[in-house]
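Worth knowing before you read on, the calculation uses all heavy atoms, side chains too, and leaves out hydrogens, waters and symmetry mates. Labels below follow one simple rule: chain letters A, B, ... track the order of the sequence lines, proteins then strands, and each chain is numbered from 1.
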There are 2 protein chains.
Amino acid sequence: MLQLTKRTDYGLIALTHLAGHSGVRSVRSIADLYPIPRRLLAEVLKDLLHSHLVESHRGAQGGYTLARPPGEIMLSEIVEALEGAPSLTSCEGSHTENSCAVEAVCPIRSPIHVLRQGIWRMLEQTALSDLAGWPELARIPSFR
Amino acid sequence: MLQLTKRTDYGLIALTHLAGHSGVRSVRSIADLYPIPRRLLAEVLKDLLHSHLVESHRGAQGGYTLARPPGEIMLSEIVEALEGAPSLTSCEGSHTENSCAVEAVCPIRSPIHVLRQGIWRMLEQTALSDLAGWPELARIPSFR
DNA sequence: TATAATTAGCATCAAAACAGTGCGAATTAC
DNA sequence: GTAATTCGCACTGTTTTGATGCTAATTATA
Ligand code: SF4
Ligand code: SF4
């Protein structure tokens, strides 16, 4: 539906929060701050961990921190971590031989590719810090 | 999932075909040419009809034609007709008070808006003729 | 006029994607 | 030792999407 999933949405929020608040932040604290389902946010952060976008700190007083400076984390990485590389249509992406029946005579395949790359490039050129820099962020009270 | 639906995909194919072949084309002829489920394509074209992107011609030897020159039909219109205006997140679009719980303190709402507009602008600036002009199109045999 | 082709409108079904939850184990600050 | 926290896996319910069925209305044309 040409729309980001809530998982990605939540992931962006969490990462933006981490970018704006130094130190370790637990899932609980983030999920309480923004009313996000706690368990779901935990799943999301686990995915981000597996993609090496955040680092985890287990045990009491544990939580997550950004693995890199927010200026070096691109939205494309985040989206890819949480919902796979964008394909725009079904005939793209490494869906392991997901070939569409139309493919052979498809008149729109090439041009759609171009569009997809345009969107992808936008995500590649936007860093987490570009989101985190928004004024709204500064107004959010810090907890813990 | 930041991906176009198959309905949109099929719609683009049909419109591209109409753009490249003058005269009335029936659902059957298009669906047979590209192996697209006939009934589904019919549904798609009905939606396009309701959005005034194509014109219908009922009865025997009937079918559809483009309502406007392909240079004046923008991808944004097509996507909007088949899957609604792109929202990118849940807090956008006229979902009649679909307000997200996070909305009040959401740190990413504004920046995501900007991204969405970027994608939207790409679609607004690409005309059907930009797709139809691709070399593949010329190679497709004409039926009927 | 009869017939076949075709769109129009409606409803329905099946599969996939998605949002959200449960639970118990492992880890660690205190 | 205890409480807080991540980790891993599985599971459920809902929504979206893909696809199909059926009948009525329309129209070229034989
Ligand atoms: S080959 Fe064409 S019809 Fe098939 S998924 Fe790709 S763009 Fe869509
Ligand atoms: S308000 Fe924020 S969290 Fe809610 S849908 Fe919009 S971007 Fe996502």
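Within the 4.5 Å cutoff, side-chain heavy atoms of L33(B) are placed close to those of H17(B). Contact annotation: the side chain of L12(A) approaches that of I108(B) to within less than 4.5 Å [non-hydrogen atoms, C-beta and beyond]. In this structure, L123(A) and L115(B) have side chains that are in contact, with non-hydrogen atoms separated by less than 4.5 Å.
Heavy atoms only, all atoms of each residue included: R38(A) and A31(A) are closest at CA-CB, 3.8 Å.
Atom OH of Y64(A) and atom C1' of dT27(C) are 13 Å apart (whole Å). When rounded to the nearest whole Å, the span between CG of L82(B) and P of dG18(D) equals 11 Å. Whole-Å rounding puts the L4(B) CG to dT16(D) C1' distance at 15 Å. One interatomic measurement links the two molecules: NZ of K46(A) to P of dT6(D), which rounds to 10 Å at whole-angstrom precision. In this structure, D9(B) places its CG atom 9 Å from P of dG18(D), rounding to the nearest Å. Remark: C1' of dA4(C) and CD of Q61(B) are 10 Å apart, rounded to the nearest angstrom. Atom pair R25(B):CZ and dA5(C):C1' shows a separation of 16 Å (rounding to whole Å applied). In this entry the distance linking CG of L41(B) with C1' of dA8(C) reads 15 Å, nearest Å.
Residue contacts for R28(B): at a heavy-atom cut-off of 4.0 Å it reaches the sugar-phosphate backbone alone, with no base atom in range. Contact annotation for L49(B): backbone-only contact, meaning every heavy-atom pair under 4.0 Å involves sugar-phosphate atoms and none involves a base.
One N or O on the side chain of E77(B) and one on the backbone of M74(B) form a donor-acceptor pair closer than 3.5 Å.
A side chain to side chain contact (heavy atoms under 4.5 Å, CB included) with V54(A) is found for exactly one of L49(A), D47(A), I73(A), T65(A), namely L49(A).
Both A60(A) and S56(B) sit near DNA chain C, but only S56(B) has its closest nucleotide nearer the 5' end.
For dA19(C), the OP1/OP2 oxygens have no side-chain nitrogen or oxygen of Y10(A) closer than 4.0 Å.
The existence of a salt bridge linking E43(A) and K46(A) is confirmed by a sub-4.0 Å separation between a basic side-chain nitrogen and an acidic carboxylate oxygen.
Donor-acceptor pairing under 3.5 Å, judged by distance alone, is absent between the side chain of R7(A) and the base of dA19(C).
When the nucleotides dA8(C), dT6(D), dG8(D) are ranked by their closest atom to the side chain of H50(A), dG8(D) comes out on top.
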Using the 3.5 Å cut-off, write out each protein N or O paired with an N or O of nucleotides 10-12 of chain D and the distance between them.
none

